[in-house]
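Keep in mind that what you see is a predicted model, and the values were worked out from it rather than measured. Letters A, B, ... mirror the listed sequences (proteins, then strands); counts begin at 1.
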Amino acid sequence: MNFIEARKLVHEYFRRDEEGNVEGILTALDGVDLQVKPGEFVAVLGHNGSGKSTLAKHLNVLLRASEGTLWIDGKDAMDEEYLWDIRRSAGMVFQNPDNQLIASVVEEDVAFGPENIGVPTDEIWKRVEKSLSSVGMLKYRAHSPNKLSGGQKQRVAIAGVMAMEPKCIVLDEPTAMLDPNGRREVLEAVETLNREKGVTVIFITHYMEEVIRADRVYVMDHGKVVMQGTPRQVFSQAEALKSYRLDVPQITLLAYELRKAGLDVPEGILTREELVESLCRLY
Amino acid sequence: MIRDITIGQYYPSDSIIHRLDPRVKLMGTLVYVLSLFIFRGVPGFLAVTAGLVFFIRCSKVPFGYMVKGLKAIAVILVITAAFNLFLTPGEPLVSFWKFKITQQGLKSAGFMVVRLAYLVLGSSVLTLATTPNQLTDGMEKSLRPLNKIGIPVHEVSMIMSIALRFIPILVEETDKIMKAQLARGADFESGNLIKRAKSMVPLLVPLFISAFRRANDLAMAMEARCYNGGAGRTKMKPLKYARRDGAAYLLIAGYFAAVLSLRIWL
């Protein structure tokens with residue numbers, strides 16, 4: 001069974017004037033279908049305003065759809081009764097590292113989620129230790145979050161979600177405010193969690209380089225899923241991606257241009273090594 | 001410049017006072033403040049002085065560091081003393097022009113200044129020897145009975161601890177906005193007080209907007225982590241009384257009994 005099953009999901013934001021009359025409707029999600037299997041690493045790509053963050057908020061039931069159905073971990077997201085169950089099984093990491101850390105000590109922040117769901121004290125200590133070490137932040141446990149770098153803060157936020165032992169974690173542009181080092185740190189932490197702990201990952205971003213190791217990629221534009229498939233399948237369509245205002249990774253673009261110029265390079269090259277190998281094979 | 005502000009002026013040390021349960025310290029401070037307002041006469045004064053000296057010694061915070069806290073209330077001290085000195089009726093000791101200083105005035109002025117100064121010194125032992133987090137935890141736990149009359153104790157202490165977490169972030173942000181505006185020719189330093197206050201407006205507007213945005217984000221992040229109020233929450237670091245806390249309670253009770261009996265029998 002799919003962990004996430006979304007069918008024809010529609011979300012409309014209403015813009016109201018001062019009297020509360022509806023002035024305009026913005027359709028942020030327009031019939032989105034999304035299927036995620038347990039243990040998968042799924043990336044959602046899209047430019048600003050493509051509806052990808054709105055989609056992320058649905059997966060944690062911070063927003064509810066205007067139309068369509070959404071099932072998460074076998075539970076109906078439209079049903080008020082399952083709200084907290086769903087939030088426990090699908091954790092969420094947000095964009096701004098400063099605005100999601102609650103406590104003034106790292107370990108206490110990680111403990112915030114388990115505290116909320118009523119985990120006993122001894123168990124909290126174990127979980128905090130486990131999840132901090134799984135993102136490599138154990139030695140900062142007694143620090144103040146204010147003294148950490150952006151990448152470190154984001155890893156603490158991930159640990160905070162992991163301490164609730166969710167089956168799935170949704171990351172809504174976790175790297176958008178980080179420098180290249182921080183981005184790599186966060187990405188590595190997420191990939192490790194996915195590979196070693198089998199956590200389902202939904203990674204929302206607009207940096208295409210970050211998702212070449214994903215199992216599947218969804219591309220969104222104007223509230224619709226416009227492309228989907230493995231990174232290789234998606235990235236091979238460089239022209240289409242450009243029309244959705246996404247930057248194709250340089251290597252893929254180079255391979256694409258070479259292919260267009262008549263060289264016999266395979267479609268959808270993702271890494272430098274692949275390109276080097278296929279070029280060497282030509283001569 | 002603005003980043004030098006320190007809040008919750010915790011003085012790290014491992015003294016016995018530092019290690020006490022925050023609830024004991026809150027109770028102790030409350031009792032101490034009460035005792036300041038019930039003592040009378042020189043024996044009572046000696047008793048509270050002995051108490052204060054004992055607490056400060058136990059906390060291992062240097063006395064000079066504590067006296068700094070008195071500077072902030074120097075003006076209030078002077079005004080209080082003046083009012084007591086000149087406006088207490090009784091036997092005039094000295095009189096000049098329209099003013100007269102009475103014996104009673106002198107006495108009450110002296111005691112009032114001592115009371116206020118001791119109040120500040122005594123309560124600064126609490127804030128210097130307790131981390132802000134412990135303080136909010138202690139308050140949440142000792143004020144829990146107020147829940148019954150509809151005061152949201154958990155929520156208030158949650159607000160306080162979040163505020164403490166965000167003070168440095170907002171200070172940094174203020175600094176950033178200030179620099180951005182200075183770079184575009186804003187002037188925060190010159191002019192009289194009113195002019196300077198007015199020049200703060202373009203600083204406050206973006207600061208407020210960003211604070212609201214942060215609050216919104218934070219609320220969402222807290223909800224995503226299953227926060228729904230105090231009910232059913234557990235604690236990573238629950239407050240637990242140790243033996244020394246019991247001893248401290250006894251000591252506090254003894255101190256209070258001594259001050260009270262001095263008042264009644266002397």
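Neither the backbone nor the side chain of A:P166 comes within less than 4.5 Å of any heavy atom in chain B. Proximity to chain B (any heavy atom under 4.5 Å) is shown, for A:D172, by neither the backbone nor the side chain. Heavy atoms closer than 4.5 Å to chain B are found in the side chain of A:V128, but not in its backbone. Looking at A:A157, there are no atoms closer than 4.5 Å to chain B (heavy atoms on both sides), in backbone or side chain.
Here the CH2-NZ distance, from A:W125 to B:K237, works out to 5.0 Å after rounding to the nearest 0.5 Å. For the atom pair CG (A:D85) and SG (B:C226), the distance works out to 9.0 Å, reported to the nearest 0.5 Å. Taking CG from B:L164 and OG from A:S144, the interatomic distance works out to 11.0 Å, rounded to the nearest 0.5 Å.
Between chain B and the residues A:E123, A:E108, A:Q95, the most heavy-atom pairs under 4.5 angstrom are made by A:E108. Most heavy-atom pairs under 4.5 Å with chain B, from the set A:I117, A:D98, A:D122: that is A:D98.
Counting heavy atoms from C-beta on, the side chains of B:N228 and A:W84 come closer than 4.5 Å. Side-chain atoms of A:I124 and B:T234, non-hydrogen and from C-beta on, do get closer than 4.5 Å to each other. In this structure, the side chains of A:R87 and B:Y227 stay at 4.5 Å or more apart for every pair of heavy atoms. Contact of the B:M222 side chain with the A:I102 side chain is registered, since non-hydrogen atoms from C-beta on lie closer than 4.5 Å. Side-chain atoms of A:L101 and B:R165, non-hydrogen and from C-beta on, do get closer than 4.5 Å to each other.
Under the 3.5 Å distance criterion, the side-chain polar atoms of A:N116 are matched with a main-chain donor or acceptor of B:R225. Without hydrogens or angle criteria, A:E115 side chain to B:M236 main chain gives a donor-acceptor distance under 3.5 Å.
In the displayed structure, A:R141 atom CZ is contacted under 6.0 Å by more than 12 heavy atoms of other residues, nucleotides or ligands. Within a 6.0 Å radius of CZ in B:R244, other residues, nucleotides and ligands contribute more than 12 heavy atoms. More than 12 heavy atoms of other residues, nucleotides or ligands lie within 6.0 Å of CE in B:M160, so this atom counts as buried by the packing criterion. For B:K141, the NZ atom sits in a packed shell: over 12 heavy atoms of surrounding residues, nucleotides or ligands are nearer than 6.0 Å. Summarising the local packing, CZ of B:F54 is surrounded by 12 or fewer heavy atoms from other residues, nucleotides or ligands at distances under 6.0 Å. Within 6.0 Å of CZ in B:R213 there are 12 or fewer heavy atoms belonging to other residues, nucleotides or ligands.
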key: Stepwise side-chain contact (heavy atoms from CB on, under 4.5 Å) check, B:M220 with A:M92   = CA-CA 10 Å; B:M220 191 133 60; A:M92 181 133 177; over 6 Å; no
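Here the closest heavy-atom approach between residue B:M158 and residue A:F112 is recorded as CE-CE1, 3.7 Å.
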